[in-house]
Amino acid sequence: MSFSGRIREELAGHYVKARHCRLAELSAFIHMSGEFYEDRRGICGIRFHTENFTVARKCFTLLRKTFNIGTGIVVHKNMTKGSSSYDIYAKGEELLAVKNAMVQAVCCKRAYIRGAFITAGSMSDPGKSYHFEIVCNTLEEAEYLRSLICVFELDGKIVERKRNYVVYLKEGSQIVDILNVMEAHVALLEFENIRIMKDMRNSVNRKVNCETANINKTVSAAVRQMEDIKYIRDTVGFDKLPEGLKDVALTRLAYPDATLKELGGLLASPVGKSGVNHRLRKLSEIAVKLRE
């Protein structure tokens with residue numbers, strides 16, 4: 001099962017006790033993938049459609065737990081694709097409470113966002129990328145959902161995709177927060193573990209790349225120093241060099257792999273790393289002038 005599917009399964013098994021939160025969650029279900037209607041007598045009814053059994057089960061159970069009314073479900077089998085879709089029907093004056101649900105309390109806003117994700121949300125595999133989204137049918141619904149998400153200090157954004165409007169988050173820290181808002185605590189821990197491993201891996205890779213670059217830089221410098229010293233030796237020799245430069249030149253030829261610090265300790269008159277570096281620069285300048 002995908003990470004997105006595991007989040008949905010976890011949230012689908014989460015049932016709140018407060019009736020006002022159930023109404024908020026049901027409201028999200030119907031707004032995302034259903035409709036309200038009135039029959040000839042003006043009695044409120046709902047139709048809900050989904051191709052996901054987990055979503056259908058959650059919607060059906062919420063209706064049964066919240067209202068004492070008849071709820072029907074019709075299963076459509078697609079023999080070609082081997083898949084099923086589910087239509088849920090319910091009718092009764094009580095359903096006006098869902099239609100007119102007041103999503104004002106923080107707990108109700110959590111419930112609405114949770115219901116929206118169960119019905120129309122998805123999330124990428126965090127091992128590959130960070131992307132959380134909920135697909136809305138209208139811009140009005142997308143803006144409303146975004147306003148609820150922003151209550152929790154999250155920077156939800158909206159993008160138009162084909163005929164739908166997608167509310168999304170892309171930052172890892174914000175996805176952690178939205179999972180917490182929806183109370184998907186198991187998924188949150190799994191996401192955080194993956195994120196920590198990715199951050200550690202990236203940190204190690206950065207350090208390895210940095211060290212590799214430094215090694216390459218050091219090796220290139222050492223090769224260049226050797227070329228300069230050999231050029232001086234083969235053209236004018238070392239006899240005319242000051243004693244300090246001659247000492248460094250001969251020691252570098254004898255120990256081509258030594259670091260600057262090690263090289264300084266091997267000299268007849270030991271000097272520090274900066275002293276060695278200064279003398280090698282002088283030798284490089286001499287070689288440049290000789291080449292010119």
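Numbers for residues simply follow the sequence, beginning at 1. Just so you know, these numbers use all the heavy atoms, side chains as well, and skip hydrogens, waters and symmetry mates.
Side-chain contact check for Thr50 and Ser33: no donor-acceptor pair (N or O, by modelled atom type) lies under 3.5 Å. A donor and an acceptor atom, one from each side chain of Asn78 and Ser83, are nowhere located under 3.5 Å apart. Residues His185 and Glu183 bring no donor and acceptor atom of their side chains to less than 3.5 Å of each other. A donor-acceptor contact closer than 3.5 angstrom is absent between the side chains of Ser274 and His278. Glu9 and Thr54 share a side-chain donor-acceptor pair at under 3.5 Å.
Less than 6.0 angstrom separates the ring centroid of Tyr130 from the ring centroid of Phe191.
By the 4.0 Å N-to-carboxylate-O rule, Arg47 lies too far from Asp87 to be salt-bridged with it. For Lys157 and Glu133, the salt-bridge test fails: no basic side-chain N is under 4.0 Å from an acidic carboxylate O. Taking the charged nitrogens against the carboxylate oxygens, Arg201 and Asp199 have no contact shorter than 4.0 Å, which rules out a salt bridge.
Counting heavy-atom neighbours within 6.0 Å of Tyr37 OH, excluding the residue itself, gives a total above 12.
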Assess the residue pair Phe132 and Tyr168 against the criterion (ring-ring contact (aromatic ring centres under 6.0 Å, His included)); give the C-alpha distance rounded to whole Å, side-chain angles, the decisive distance to 0.1 Å, and a yes or no.
CA-CA 5 Å; Phe132 171 99; Tyr168 70 92; over 10 Å; no

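Looking only at side-chain heavy atoms (C-beta outward), Thr66 and Arg19 come within less than 4.5 Å of each other.
Under a cutoff of 6.0 Å and an axis angle of 45°, Lys128 and Phe3 do not form a cation-pi pair. Remark: Arg22 fails to qualify as a cation-pi partner of Tyr15 under the 6.0 Å distance and 45° angle criteria applied to the six-membered ring. Remark: Arg291 qualifies as a cation-pi partner of Tyr231 under the 6.0 Å distance and 45° angle criteria applied to the six-membered ring.
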